[in-house]
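Below: one structure, written as structure tokens.
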Protein chains: 2
Amino acid sequence: MRDRRPGGRPALSEERIVRCAVRLADAEGIDALSMRCIATELGSGTTSLYRHIAGKDELIELMVDAVYGEDAPPEAAPGPGGDWRTEMAGIARGLRAALLRHPWLAQQASRRPALGPNVLARSDRALAVAGRATGDATAAAMTVSAVMTYVLGSVTTELAEREARRTTGMTEEEWQESVGEYVRQVVDSGRYPHFNRRVLEAEERDAGARFTFGLDCLLTGLAAALGSG
Amino acid sequence: MRDRRPGGRPALSEERIVRCAVRLADAEGIDALSMRCIATELGSGTTSLYRHIAGKDELIELMVDAVYGEDAPPEAAPGPGGDWRTEMAGIARGLRAALLRHPWLAQQASRRPALGPNVLARSDRALAVAGRATGDATAAAMTVSAVMTYVLGSVTTELAEREARRTTGMTEEEWQESVGEYVRQVVDSGRYPHFNRRVLEAEERDAGARFTFGLDCLLTGLAAALGSG
DNA sequence: TACGCCATGCGTACACTGTTCCGATGTCGT
DNA sequence: ACGACATCGGAACAGTGTACGCATGGCGTA
């Protein structure tokens with residue numbers, strides 16, 4: 001009855017669905033990602049998707065691993081010439097970039113552990129670098145864990161504000177205005193003296209600067225721990 | 001028509017609703033938290049809740065600030081006698097404990113920035129400690145940011161596994177079994193040599209040990225950065 | 001004491017969600 | 001040419017957040 005694509009090749013496929021879902025989640029946010037939405041975008045019936053994926057949970061897992069498999073920026077995979085610190089910093093920046101590219105990714109990190117093949121590949125590269133700093137496999141594993149952990153927390157904090165802005169539909173300026181008003185009110189209450197001091201004296205560094213500062217400190221501490229181990 | 005509570009005092013209140021919601025979210029997970037569920041638990045109609053809170057979003061914000069306001073464990077607020085490093089470590093452990101006590105809390109951190117009064121109070125205490133390490137307000141702010149960020153990432157990673165176990169209803173052993181099977185399969189593929197090395201050689205440290213290791217390293221690096229600044 | 005206002009509670013309804021069931025359709029192997 | 005089969009998709013179901021409007025009863029005021 002309906003017109004079908006000539007040749008009978010399937011219009012839907014796991015890969016097409018996942019790619020479309022990633023695109024939609026990037027554009028509209030993970031909350032707005034619904035099966036009906038994906039199907040409409042793909043020009044197919046809603047329930048047809050279930051011929052290729054088991055359910056929404058599995059779909060999200062596939063999405064997560066798919067974006068972890070995106071080409072890492074070149075700085076994340078330099079030749080093995082440099083020292084391990086700059087290389088590890090490169091890997092961290094690459095991970096941060098991936099998490100920032102797909103704001104929903106960090107949210108999923110708190111719901112299920114990422115264990116897909118592409119995630120494992122990233123771990124493998126990081127472990128290789130850490131292995132150059134220490135021969136102790138346990139120490140190397142903990143080093144990688146600490147760095148990944150810091151990156152995740154940093155991006156999460158950074159995205160929280162951005163997401164709040166997006167869902168409320170505020171522009172950067174409106175948001176600043178809104179938060180500024182609230183902060184001023186809190187400062188005037190005088191109950192948080194140190195917070196006041198920060199607001200009044202500290203210059204506002206952007207998220208990138210904060211990320212780099214903390215990462216440098218962490219790597220310094222790791223180097224110290226590994227060197228004396 | 002219905003029996004009402006004598007004295008006409010309102011049975012519902014924002015505080016009662018928030019407390020109940022926190023209890024339910026702790027017990028059943030944030031996904032199972034629905035308005036109908038809260039109302040049933042409270043013995044009231046579903047839409048009655050909206051007399052006291054604006055909507056689910058606001059409710060969650062209230063929940064977040066409520067648990068941030070829970071009494072911090074004593075170790076988090078020692079007298080100002082000790083050095084700033086151990087005090088900051090105490091604050092970090094206190095934050096970690098709060099996030100672990102309410103597994104849904106870390107998930108919300110990636111959706112909206114925490115700005116409630118109780119959150120600000122915690123920031124204030126941390127800034128006080130950081131201020132003892134450096135006179136530079138900007139440096140102090142970045143130090144606090146780095147520590148909080150690390151804690152959030154660490155707990156997020158830790159909870160991801162726990163949550164996955166809970167939603168699949170697996171016991172610790174079943175989960176280990178399930179993941180172990182998958183890991184063995186990956187190892188046998190031989191595509192991730194460093195990952196293999198970790199699996200084979202590294203001893204498995206629990207989440208608490210990993211947290212402490214990374215935190216110590218971060219604090220070491222921060223001390224170096226602040227000392228030379 | 002009697003009246004009316006108004007905060008509070010809540011039943012109904014609506015537009016959504018993910019998912020299961022089952023029928024229709026078209027292609028391919030035999 | 002015919003039957004098996006994979007693919008597609010409409011209908012239906014249980015569940016969600018919440019807007020609307022009506023009942024109810026306590027309280028301030030006359």
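All of these numbers come straight from a predicted model, not from anything done at the bench. Chain A is the first sequence line, chain B the second, and so forth, proteins listed ahead of strands; every chain is numbered from 1.
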May I have the distance from A/Leu59 (atom CG) to C/dG18 (atom P), rounded to whole angstrom? 10 Å
By the definition side chain to side chain contact (heavy atoms under 4.5 Å, CB included), identify the one residue from A/Thr157, A/Val151, A/Val155 that meets it with A/Phe211. A/Val151
Whole angstroms only, please: what is the OH-P distance between A/Tyr50 and D/dC8? 15 Å
Nearest-Å distance, CG (B/Leu42) to C1' (C/dT8)? 14 Å
Output side-chain donor-acceptor pairs under 3.5 Å for residues 36-51 of chain B, partner residues at least two apart or in another chain, one line each.
from	atom 1	to	atom 2	distance (Å)
B/Thr40	OG1	B/Arg36	O	2.7
B/Glu41	OE2	B/Arg23	NH2	3.4
B/Ser48	OG	B/Gly45	O	3.4

Under the side chain to side chain donor-acceptor pair (under 3.5 Å) definition, can you give me all pairs with a residue in residues 202-215 of chain B, not counting sequence neighbours? none
Whole-Å distance between D/dG17 P and B/Asp31 CG? 11 Å
Would you please confirm or rule out a distance under 4.0 Å between OP1 or OP2 of C/dA7 and any side-chain N or O of B/His52? no
Taking side-chain contact (heavy atoms from CB on, under 4.5 Å) as the test, write out the residues that go with A/Ala164, two or more places apart. A/Trp175, B/Pro113
Send over the distance from B/Asp57 CG to D/dT16 P, rounded to a whole Å. 17 Å
Measure from CZ on A/Arg51 to C1' on D/dG9 and round the result to the nearest Å. 10 Å
To the nearest Å, how far apart are B/Glu58 CD and D/dT18 P? 11 Å
In whole Å, I'd like the distance from the CZ atom of B/Arg16 to the C1' atom of C/dT8. 14 Å
Sort me out a list of protein N/O and nucleotides 13-17 of chain C N/O pairs below 3.5 Å, or just none if empty.
from	atom 1	to	atom 2	distance (Å)
C/dT17	OP1	A/Ser34	OG	3.0

C/dC10 phosphate, OP1 or OP2: any side-chain N/O from B/Ser48 under 4.0 angstrom? yes
Over all strands shown, is A/Ser44 touching base, sugar-phosphate only, or nothing at heavy-atom distances under 4.0 angstrom? sugar-phosphate
For B/Ala106, check side-chain contact (heavy atoms from CB on, under 4.5 Å) against everything at least two apart and list the hits. B/Leu99, B/Leu152, B/Thr156, B/Leu159
Tell me whether A/Asp124 contacts the main-chain N or O of B/His194 through its side chain, where contact means a donor paired with an acceptor under 3.5 Å. yes
The complete set of salt bridge (charged side-chain N to carboxylate O under 4.0 Å, His left out) pairs with one or both residues in residues 166-180 of chain A, sequence neighbours excluded, reads A/Glu163-A/Arg166, A/Arg165-A/Glu172
